[in-house]
Structure formats: C-alpha cells, structure tokens
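Hydrogens, waters and symmetry mates are skipped; everything else that's a heavy atom, side chains included, is used.
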Amino acid sequence: MRTQMAHQSTPAVRLRKAAPADLEALDALEHRVFATDHLSRRSLRHFLAAPTAEVIVAEHDGELAGTAIVLFRPRSSVARLYSIAVAPHKGGRGVGPMLLAAAEAVAVERGCGTIRLEVHETNATAISRYRKSGYREFGRHPRYYEDGGDALRFEKPLAPAPAALEAPPPYFHQTTEFTCGPACIMMALAWADRSFQPAPAFEFQLWRDATTIFLASGLGGCEVYGLAVTLKRRGLEPEIHASRKGPYFLETVNSADKRRVMEVTQAEFRREARALAIPTHLTPASESVLIHAFDEGKVAIVLISGYQNAGRGQPHWVFAFGRDGRHILLHDPAANRDEHGKAIAPETYAVPWAAFERMTRLGRDRLSAAIVIRKGPAR
C-alpha cells in the first residue's frame, strides 16, 4: 500500500496508513467537515484497529489534510469506500483525488475487483468527482442520511473489463430473495440455447422443482443436488462437485420439523441424482476444476457466501461462464432492481481467483459446492 501511495503523492502531500496516534486529529477533522453523520471517536478507534478496515490519511505541512476509510467483508470481492474527507483549508491541492486513488489501490491489494460508495444526492462536487474517476451510479438508499436525504450508490471496477465480458451469455436476475438458484438455471439454459425465452412464471416453476432449504425467516432456496437434478431434467449435463456429503444448510433453521423436511427432501434429490447418473465428486470446486471446465467450453453454477451482496453469510448461487487468465467471469443474479422489479443492469464481474475462492467457502465447515454444466445432446 505504501509503495503505491508514494507513487501518487507529491512532495507537498504525503499519504500513509493511519496510526492510533491520529485519533485526535481524525476526530477533529470529522467535526470540521461533516455537520451531521460524522463518525464518533469510538467508531474511528474501531476502524483504526479493525483488520477489515484501512484508514488512509493525507498530510500537508505537518497537518492532517484528509482521510479515507475503506471497509472489507470476509469472502467478498467488493470493497466499500465508507468515508472520504478533506480539510476545508486544504482544498485545491488534489487531496481528494489522491485519497480516492489510494483507496482503490488498497482495495486491489486486498484482492477486490470492485469498489462501492454512497454519496449524498445533493453533493454535486463529490458526484462529479466520482463520475470523472470512472464510477457509475447503480442504486439509491432512500432517507439514508440524518437530514433525510437519499444516498446515491456508485461503483467502479478496479481492473479493465476483459474482452470476454463484451458479449457474455444471457443474463437473468432473481426476482425474489430466494430464487438465485432458478435464475442461474435460466442462465444455463439460455447459454445452451440462445433462443430460450422463459415466461415470468418459469423462475418459480424451477424453484418448485429444485428447492429444499428453509431459512430462519421467509422461503428457502436450493442446494447442489436439487439444482443438478433440475438441470438434468431440463436437458443439460450437470456434474456435481461438493466438499462434503449432504444434507446441507440444516443450521439455517431451528425447527426440528423443518430440518426433517430438509433431510428427507435432500435424500430424495441424492437418490434422483444417482438414478439420473449425474457424476458426483466429493471434492471442493477448486481452481483446477473450474479452469479445466471453462477451457472445455463448460459453465458452472457456484455456491458463494451471501456476504458478497447482502452482508449476510447465507447461501447464494452465481453463474460462472468463463475465465480471463485467473479471473473468473460470472453473472450474479442478485441485481439491484428498479421500482418495477426489473434489473437496473446485469451484475457481471471478472473476479480474481483469490477473491473468488474466499467467496466460495461457506460457513464454519467452509462448504464448497458447484455444478459444472455441459450442453446436452442436440434435439
């Protein structure tokens, strides 16, 4: 981090990682810059010590000229620029752009492929700066700030988009919180047959065919055998890779009756997988497995931790359709939606393998699961 920061600094402004001794100056800067929504001393102290945070400071003439705070989640390739502040009397020296570039640099060093931020809808200066720096608006948090103002959400990929992302397979977003698996099945079907045009109810038909999970609240989702059986019955050729034998996700419910239903349902899916001769390997979905599959023209539906998009460690499925070097190309069906429930834009990424591997280890036992898919015989 320090090497990259030094490259972007000037003799007049120096960037460095913050230290506990900076707490007083950071607290004073917060109150000087922000009339509301300023961080407490307790929060600043926490960020200075937290392994999931990087606090960067800019110094000019021996004074604190600005700061940036970047947050990271375990098993996520998305960094969050939580705060950026420049002392009012230090404006005009390029401190803001330098801090923004430094924040992006530390995110890259942590293996992140994307950085996101929120900004007050009335902060025209910051919004203009972000747009000029390559950020795009992708959503909004209503009444996010203390004054009741909305927060605009911006994101930026931290590496140029590979050429392979210029013409990706068709994308379908999940229209509910529990249909990520069916959305991935639809993407696999569209990958195999570009003329595939599902009716709106098809997502829920697939969910009925494949679901086996209860969650603590609301409806549940799919596990690896249920997805594989449904893919096979829809004409594709799935192959299961899982780090352990099921049943899966029993820890998501407290009810003994719900656990019994999950166990019985999953046992039946495993029986159906054997009857359908679906190849099954009790091995993790490793880099070599997926890279070999992509190089053979196959795709995969891969289990990741919901930390990637929801901030909770719930199971979530994504559609991985190729690679660019050691970057995995994927569609995440959990797109941000507009007021009509439509995807604002496809959530399509090139994720470095190191970050992708962290995402694909779920729970205390670091469950890894994927269905590698090839096209079935022509009909």
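- In this structure, Arg32 has no salt bridge (charged side-chain N to carboxylate O under 4.0 Å, His left out) partners at least two apart in sequence or on a different chain.
- The residues Glu272 and Arg233 are annotated as salt-bridged, a charged nitrogen and a carboxylate oxygen being separated by less than 4.0 angstrom.
- In this structure, Val86 and Val33 have side chains that are not in contact, with every pair of non-hydrogen atoms separated by 4.5 Å or more.
- At a threshold of 4.0 Å, the pair Arg110-Glu54 counts as salt-bridged, since one of the basic side-chain nitrogens sits closer than that to a carboxylate oxygen.
- In this structure, Val229 is not a member of the same hydrophobic cluster as Val264, with clusters built from ILVMFWY side-chain heavy atoms closer than 4.5 Å.
- Trp191 carries Lys375 over the face of its six-membered ring, with the cationic atom under 6.0 Å from the centre and within 45° of the normal.
- Other residues, nucleotides and ligands contribute at most 12 non-hydrogen atoms within 6.0 Å of the CZ atom of Arg364.
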Tell me, with the steps shown, if Phe196 and Phe202 meet ring pair (Phe, Tyr, Trp, His ring centres under 6.0 Å). CA-CA 11 Å; Phe196 173 70; Phe202 190 65; 5.7 Å; yes
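- Arg323 meets the salt bridge (charged side-chain N to carboxylate O under 4.0 Å, His left out) test with Asp295; sequence neighbours excluded.
- A pairwise comparison of heavy atoms in Tyr82 and Leu39 identifies CE2-CD2, 3.5 Å as the closest pair.
- In the hydrophobic clustering (ILVMFWY side chains linked at under 4.5 Å, chained through shared members), Tyr144 is joined by Tyr145.
- Annotation for Ala18 and Leu48: closest pair CB-CD2, 3.5 Å, computed over non-hydrogen atoms.
- The salt bridge (charged side-chain N to carboxylate O under 4.0 Å, His left out) search around Glu118 returns Arg80, not counting sequence neighbours.
- Ring geometry for Tyr225 versus Tyr248: interplanar angle under 30°, hence parallel rather than tilted (30 to 60°).
- Between Phe154 and Tyr130, the two ring planes are tilted [angle within 30° to 60°].
- For Trp207 and Phe204, the ring centers sit 6.0 Å or farther from each other.
- A salt bridge links Glu347 to Arg116: at least one charged side-chain nitrogen sits closer than 4.0 Å to a carboxylate oxygen.
- Pairs passing the ring-ring contact (aromatic ring centres under 6.0 Å, His included) check and including a residue from residues 251-285, sequence neighbours excluded, read His241-His281.
- Closest approach of Ile278 to Ala228, counting heavy atoms only: CD1-O, 3.7 Å.
- Side-chain N/O atoms of Ser43 and Ser40 include a donor and acceptor closer than 3.5 Å.
- Around the NE2 atom of His292, the shell of radius 6.0 Å holds no more than 12 heavy atoms that belong to other residues, nucleotides or ligands.
- Residues that satisfy the salt bridge (charged side-chain N to carboxylate O under 4.0 Å, His left out) test with Asp193, not counting sequence neighbours, are absent from this structure.
- Proximity of Val57 to Arg16: side-chain heavy atoms (C-beta onward) are separated by under 4.5 Å at one or more points.
- Side chains of His120 and Asp150: a donor-acceptor N/O pair is absent below 3.5 angstrom, by distance only.
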